Protein chains: 8
Amino acid sequence: MDIKRILEEVKNGVLSVDEAANKLKTLPFDDLGYALVDHHRQLRNGCPEVIYCTGKTTSQLKGIVKNLIEVGNTNILATRANEKMAQAVSEIYPEAEWNPSARTIVIKRRPIEKCGKGKILVVTAGTSDIPVADEAIVTAKFLGNEVEHLFDVGVAGIHRLLAKLDIIISANVIIVIAGMEGALPSVIGGLTDKPVIAVPTSVGYGASFGGITALLSMLNSCANGVSIVNIDNGFGAAYIANSINKVS
Amino acid sequence: MDIKRILEEVKNGVLSVDEAANKLKTLPFDDLGYALVDHHRQLRNGCPEVIYCTGKTTSQLKGIVKNLIEVGNTNILATRANEKMAQAVSEIYPEAEWNPSARTIVIKRRPIEKCGKGKILVVTAGTSDIPVADEAIVTAKFLGNEVEHLFDVGVAGIHRLLAKLDIIISANVIIVIAGMEGALPSVIGGLTDKPVIAVPTSVGYGASFGGITALLSMLNSCANGVSIVNIDNGFGAAYIANSINKVS
Amino acid sequence: MDIKRILEEVKNGVLSVDEAANKLKTLPFDDLGYALVDHHRQLRNGCPEVIYCTGKTTSQLKGIVKNLIEVGNTNILATRANEKMAQAVSEIYPEAEWNPSARTIVIKRRPIEKCGKGKILVVTAGTSDIPVADEAIVTAKFLGNEVEHLFDVGVAGIHRLLAKLDIIISANVIIVIAGMEGALPSVIGGLTDKPVIAVPTSVGYGASFGGITALLSMLNSCANGVSIVNIDNGFGAAYIANSINKVS
Amino acid sequence: MDIKRILEEVKNGVLSVDEAANKLKTLPFDDLGYALVDHHRQLRNGCPEVIYCTGKTTSQLKGIVKNLIEVGNTNILATRANEKMAQAVSEIYPEAEWNPSARTIVIKRRPIEKCGKGKILVVTAGTSDIPVADEAIVTAKFLGNEVEHLFDVGVAGIHRLLAKLDIIISANVIIVIAGMEGALPSVIGGLTDKPVIAVPTSVGYGASFGGITALLSMLNSCANGVSIVNIDNGFGAAYIANSINKVS
Amino acid sequence: MDIKRILEEVKNGVLSVDEAANKLKTLPFDDLGYALVDHHRQLRNGCPEVIYCTGKTTSQLKGIVKNLIEVGNTNILATRANEKMAQAVSEIYPEAEWNPSARTIVIKRRPIEKCGKGKILVVTAGTSDIPVADEAIVTAKFLGNEVEHLFDVGVAGIHRLLAKLDIIISANVIIVIAGMEGALPSVIGGLTDKPVIAVPTSVGYGASFGGITALLSMLNSCANGVSIVNIDNGFGAAYIANSINKVS
Amino acid sequence: MDIKRILEEVKNGVLSVDEAANKLKTLPFDDLGYALVDHHRQLRNGCPEVIYCTGKTTSQLKGIVKNLIEVGNTNILATRANEKMAQAVSEIYPEAEWNPSARTIVIKRRPIEKCGKGKILVVTAGTSDIPVADEAIVTAKFLGNEVEHLFDVGVAGIHRLLAKLDIIISANVIIVIAGMEGALPSVIGGLTDKPVIAVPTSVGYGASFGGITALLSMLNSCANGVSIVNIDNGFGAAYIANSINKVS
Amino acid sequence: MDIKRILEEVKNGVLSVDEAANKLKTLPFDDLGYALVDHHRQLRNGCPEVIYCTGKTTSQLKGIVKNLIEVGNTNILATRANEKMAQAVSEIYPEAEWNPSARTIVIKRRPIEKCGKGKILVVTAGTSDIPVADEAIVTAKFLGNEVEHLFDVGVAGIHRLLAKLDIIISANVIIVIAGMEGALPSVIGGLTDKPVIAVPTSVGYGASFGGITALLSMLNSCANGVSIVNIDNGFGAAYIANSINKVS
Amino acid sequence: MDIKRILEEVKNGVLSVDEAANKLKTLPFDDLGYALVDHHRQLRNGCPEVIYCTGKTTSQLKGIVKNLIEVGNTNILATRANEKMAQAVSEIYPEAEWNPSARTIVIKRRPIEKCGKGKILVVTAGTSDIPVADEAIVTAKFLGNEVEHLFDVGVAGIHRLLAKLDIIISANVIIVIAGMEGALPSVIGGLTDKPVIAVPTSVGYGASFGGITALLSMLNSCANGVSIVNIDNGFGAAYIANSINKVS
């Protein structure tokens, strides 16, 4: 029995006010919770869908993509996708764009609306950090942002970074990606007053501990305005940059 | 505007069914959420109150106790309470029982009802583990359980433990408390088919790392039937033992 | 020389009381210890057998299963079994049920008796946690419990969880399985007063450290009533849930 | 072309002053450096000053405050200040506002301009997290933002949080502060599409490791849109929230 | 009812053999386990008693010492004893010897019998390791061994060590105590074919992590014949050295 | 007195050659150094050789074995050898004994002399620990000791262990090998007064961290008389047991 | 005084070119930046190029080498290069020298100039450390240094090391490479007054944690004059040794 | 040829004393050992003495200083000395210079000879790093070096650092001291081709872990030419810088 029917029975005198109040109380939570649900539905309406591929079989991925295509008209982004997955998806949707560096699959079924106010800048310390940057770039563009990038401007050659100062200053949000000692966000954080999202990468060896050193380094940044996401989480950084860029 | 009033207006024709359904949707969550709240209230009705004292000032503690005494008729347990706190509470409620080893304050305002089916047994490996055991014992009794204990039956003197086999076998739930290498739960887990709750303690030095070694050891127990709580968490173990003892 | 013979010789005057007492003392421990052994035998009589396959060769596994089948009439559960192992076992016992997700082999030689009072509920935060859940489900059923499950109700979409509140409240014991930040047991622990067994999983990347983050998170749960087992230990959680469910 | 040659061409009238200035700007790095300096000067002009007190003696602090008061007309915020420091500062500037919970000293010499577009919401899981929240609140207000707060809405009592859904949804940026298992940012991150800044706190005991567990938990949040700062870093979170709130 | 009485009743025909066998089975374990207990009693007969003082109150310590003095005629060693404890013990037994560096109290009530075959050598890398060495020396002598020592012969001045080669070669068991990088056991292990027991100490700062570095270093010794005990565990090392020295 | 003066006195007949040689030996360090070299030569003369294979190529191994066979008449033990290595060695020395579980190759060129006084007992907690035990057994026998073993007597089935008490008590040195929670050495250490050498193994999963948990557990053993070697170091334990067994 | 005004004064003859150039140099920061650029150019002019191969594809590597060969006349060193990479490079430059142990490729296009004053000595504790040593040796020679080496002189056989004392004392800088317990730098640091650069290696097993133990051990060296680089970083050590050797 | 034979040939006049002495020197190891001893004596002759005060009592320190003053004419440096120690030393030697920030005591009994070729530069990232820097400065000067310093030039304000580029470039060796994220050595390492010694400090909070983050960061520096010492080890860094500065 749903809410409207209860209300109608109250209107018709079939149920007393107290009986109706009791019935409402005994309805399972979800029926009461629809404000919550609506809120979510509203949020998600026409909103692009994201699939995290790690730990999914190729056939599971295929099933999910198929279902999303049938159900709605949204754009779809799959992250952490390997080549086999990309091939599988292309069998369903031949126009799917596979980016082997970013490990992303993008299915564009309607044009991406520009939504952020300013530019998102993606910076890397080294060339080995580029795959994580690519994940961030694909994601940020997919979510409707204008994106620029600066690669291989690590702190051991500070002049390379300073030569690009104008690009840094003109960005609205900056994603800084670095492995090894993870020092780049501190330097960039000191050069801008815009939000900096730092992404540690698993680039390095020995005491880099698969990105832990970069992570700790970033958490202890002496620059204000730097917040951090998980190791190699290019997608997450772009998602946050997008939410910041849209705040305005 | 609350639910009953909405229902009455529906009944009186002041509101149409659709208008009422919309109004219900725009009510803040809590008004919709009362099933949830009721459920909680029901759970907590006449239920003893617990105060975790760490990080509270003496005057904050006093305020909370005062309020609880005025509002209801429940029994009150304060954990991790130091002597100063005990004294402060006794100014409000002179019959409050202060246990300096367990660091607990118990305020009994109505008799504790026995509720568990069987006995909860609290075992320690060493004498230094007794304060944690005392916290567990006070808590388990406060929650209405029959409690027995065995102290200082660590695995390096296995005959001391085996001499008490009958007590171990007769318990319904067993809380095993150990620091250092934390081996006792494995041995006891092998002697009973009842649930064993293991509590690592910060007893030890050097590579005991404040209880981490005991914690890891317990998590890797080769005995089935052993689950673990946080280091020194005698209260938590007793709370779980109580919930198990009541399941029946 | 066994106890009865010693007693008979005492009766017959062949041995004096002191000689007999001495002889008893010199018997190897096990002969004295049979109360202990009996207790175990009693526990294990007709009890299902469990084989942990990791680190065993296929031929070792085959040998153990063969032996168990010849010796008794018990049901057998093999955990952490790969496909090759399953095939090997099916050569001995073709009706053996292989569950590739749970990595379990079940050999049912007599009907499983229902033994627990209530339902065991198995909940996962994400879809990647399902293999651990499957191990728990297979185990709990194998041990004679009624089992229900809720998959993919992680805390980042709290409405999905709350929509199932009735299922949560009706369970007798709840196993909550989560990787990444491991937050689900805290939320569920706040919604029920039944024992919650939390299983951290190795699902995640970067700073999830193969399940350590989820493990630590669960150990520090702000909800009472939550105890923890080792990472990915679905079997252990089900074993404990079973022992709790049988306590009554 | 080097500097001297440019200067000579200016001297000889080959280059106009403007052309020369432009040429200097297009030289690699160094001339862009002016922008750097200017940019910094611009950033800092009339901008509030912040002093991090840890590791400074009372007399050092006094000296710095004195100097800042003499040199300019900016507002001053001192963080991590103890009572003795507050007293010392009040000797120089009696209207300095000392907040013992936030451990902040605020010196307002000109009215704080509102600068952010929306509201910053500061949420805590427990009452012990309030001092960190207070640091964030004082900072965010000092930087010109409208601030709201929700305290003690931890995930083990999820209805307390859901009852405040409207406040959460209406915020522009949310700072979520939690110790122990640090699960709150994941839940809130699932309820909003605005940026969430998570602050782990050192609240907890045993395996909370002074905030490491909460930190790791937050880094592994299954909710998108959550970035993290260092343990207990209320100031840093507010600084970032301010920079996000101003982006627009 | 004890074993002898059962045997007597069998002899007297009061109990049948079967009844007696059953009664024996139902006796609590300890009565069956006396071989075990005897073994222990035998081991401990006339054996010196050791009290670990950490975590005991002065009055608890006093009580234990009093009891041991009244009950038997054994020598007593108390370890990790502070000055207050030493004073308390001296009130009971004025001849008690307090060693403030070793933090030991020795009560000699009968002459210590020499029992080991050879000499135990105690070596330290630095002067800061001496308190741990003193605990080992006092313990080894207390247990009846001849003890020699070499202090401050760390590996950075290898000639100091090599100048004492004859002392090293003539020892039967060697206890090597070192903090910081813990390299000494490797060098000594290469100079002797006798068992070496390595004791890491908490001496050092920064990345010595309270002895963890020395501990790990010793565990990875490239010299054969080196086994390790817990950080600062001078007593344990001496106890093992004694058991080795007596093996012969 | 320095070298030249000694030489001069030899020349002048003041010192005999023997007196001079003795005096040289008593000079600090350097002259003792001969002793060192001699001592080593003595130690190694006719002494079995050991090759640690990890990190060596098959051809390097072959070269070393060839050389050892040509140079002397010693027995040879190669540890951590894989099948390919075994095959390579058998090409040089067809009688070489390859033990695939222990991963050892033994080349016996002269009979092994019994040298230890008593028996070395090798005990494992589980069946997965057997390869490490086998390495210890092969090594201890190779070095001339009588060896006995007890497998699969872990603490969760304490009666299995106690049933073998006589074997435990009769050993001269005991090597105890355990993974997971590493509790067995504590129990055995409490049952014997002989030296116990504990070997943590990498057996386990999740929070066993490749043997770290067992290692820490053993380091914190509440039983006296337990010393520890590196994870999976069966060879090292046997080497130490041998040196203890020979001490007498 | 800003740039334009300086330029105008040059134009008007108020400032000479030199005066203006000087004034520009005294402006904060930016003009000093020229020096920076120049300095870098100077540094890099004719300077050998180094390529770190890890994380680069074979074709990327080929592209970089091609470009370097076309652009200048420098020598080229590629580190962490596998065989496939070596083959690829040899297709472009057949004289490239591939060192499979050091994993280096050297392209010599002009003779290497000797530049350091003294000898660099490279020492290893074991034979498994040789690949790291080879990387250091190739690098140090490539940079123009005279290099000597001592392999397999670990501390467990201290006489092997002392026998080479003259070689140690005659070196200008010493690189000491060790895995396991990493004790060698402490011993060598005590034998020389020249700078010692310690390189921990990932050689070892169990509690060597892939080189962490050696790293920590070296950081805590009781010998003065020892500084450390990352695990397995033979290149880095040689680079530093070279910079020290050139300081003079 | 062995010792006795050499002696006999001396006796027989076959060898002269000098020839014999030479022959002894060419014997393996032991005779080189003299060189060792001499070398050390030579090294230490007239050489400044250093006392590490941590873990020494005031009276022990006093004793050592007294002894050093009586025995020789060397200068003395005491590190990690507190005020009480300084006072005690001044009772013996009133001219002793106590530096409370560096925690050093310097006793100058003869003028310090300048011995290094160039300047040692000491740089800190923050003001809280100054005490470590002061220890380095006092040490470097005490050992005879010219020292310059740059304080508070952390990477978040990169222009402050670049403004001092000339000072950086003119130094012969650079000690870089930083806590928090420890990024400064990477930036400076990129600006100079001289050796950089990085000192992590325990400055920071939360995830700085008492200097571990800075330490790891420095070990993973992307700049070549950076080597590292233990946390807060200003003395060690200066000692190394001195040995480098003297190499020339």
Side-chain angles (χ1 to χ4, degrees), chain E residues 82-83 99-103 124-135 151-166 168-169 177-184 187 190-191 199-217 231-232 234, chain H residues 29-44 49-57 59-61 63-64 67 79-80 103 131-132 135 177 179 182 198-204 208-219 228-237 239:
Chain E
N82 58 32
E83 193 169 6
N99 183 327
S101 168
R103 291 188 296 158
T124 76
T127 50
S128 311
D129 303 316
I130 292 176
V132 177
D134 283 342
E135 191 185 70
F151 287 171
D152 199 18
V153 291
V155 299
I158 201 75
H159 60 287
R160 292 180 304 186
L161 179 66
L162 295 178
K164 305 291 185 185
L165 198 54
D166 51 340
I168 290 167
I169 290 170
I177 299 168
M180 302 174 83
E181 82 269 60
L184 191 55
V187 175
L191 296 174
V199 189
T201 70
S202 50
V203 167
Y205 65 92
S208 82
F209 302 137
I212 298 178
T213 294
L215 170 60
L216 292 176
S217 187
I231 298 165
D232 291 336
Chain H
F29 162 59
D30 33 332
D31 286 294
L32 295 171
Y34 283 104
L36 175 61
V37 174
D38 281 349
H39 161 64
H40 272 269
R41 205 173 305 140
Q42 191 176 18
L43 264 177
R44 288 182 173 151
E49 294 280 350
V50 180
I51 307 163
Y52 176 70
C53 296
T54 302
K56 297 206 169 63
T57 64
S59 70
Q60 283 177 324
L61 175 61
I64 295 167
N67 184 266
T79 64
R80 308 279 164 118
R103 290 188 296 158
V132 177
E135 191 186 69
I177 300 168
V199 189
T201 69
S202 51
V203 167
S208 84
F209 302 137
I212 298 178
T213 294
L215 170 61
L216 292 177
S217 186
M218 290 168 177
L219 281 166
I228 291 94
V229 297
N230 199 355
I231 298 165
D232 290 337
N233 191 5
F235 167 77
Y239 190 98

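Fair warning: this is a prediction, and the values are worked out from it, not measured in the lab. Throughout, protein chains are lettered first and strands after them, A, B, ... in sequence-line order, and every chain is numbered starting at 1.
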Which atom pair, heavy atoms only, marks the closest approach of E:Ala207 to H:Ile231?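 Smallest heavy-atom distance, with atoms named: N-CD1, 3.9 Å.
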Within a strict 4.5 Å, meaning less than it, do heavy atoms of the H:Asn230 and E:Tyr205 side chains meet?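 Yes, their side chains come closer than 4.5 Å.
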Side chain, backbone, both or neither: which part of H:Thr201 has an atom under 4.5 Å from a heavy atom of chain E?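 Neither part.
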What distance do H:Lys56 atom NZ and E:Thr127 atom OG1 have between them, rounded to the nearest 0.5 Å?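 Nearest 0.5 Å value for the NZ-OG1 distance: 4.5 Å.
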Taking ring pair (Phe, Tyr, Trp, His ring centres under 6.0 Å) as the definition, give me every residue that meets it alongside E:Phe151, ordered by chain and number, with sequence neighbours left out.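 For E:Phe151 the ring pair (Phe, Tyr, Trp, His ring centres under 6.0 Å) partners, ignoring immediate neighbours, are E:His149.
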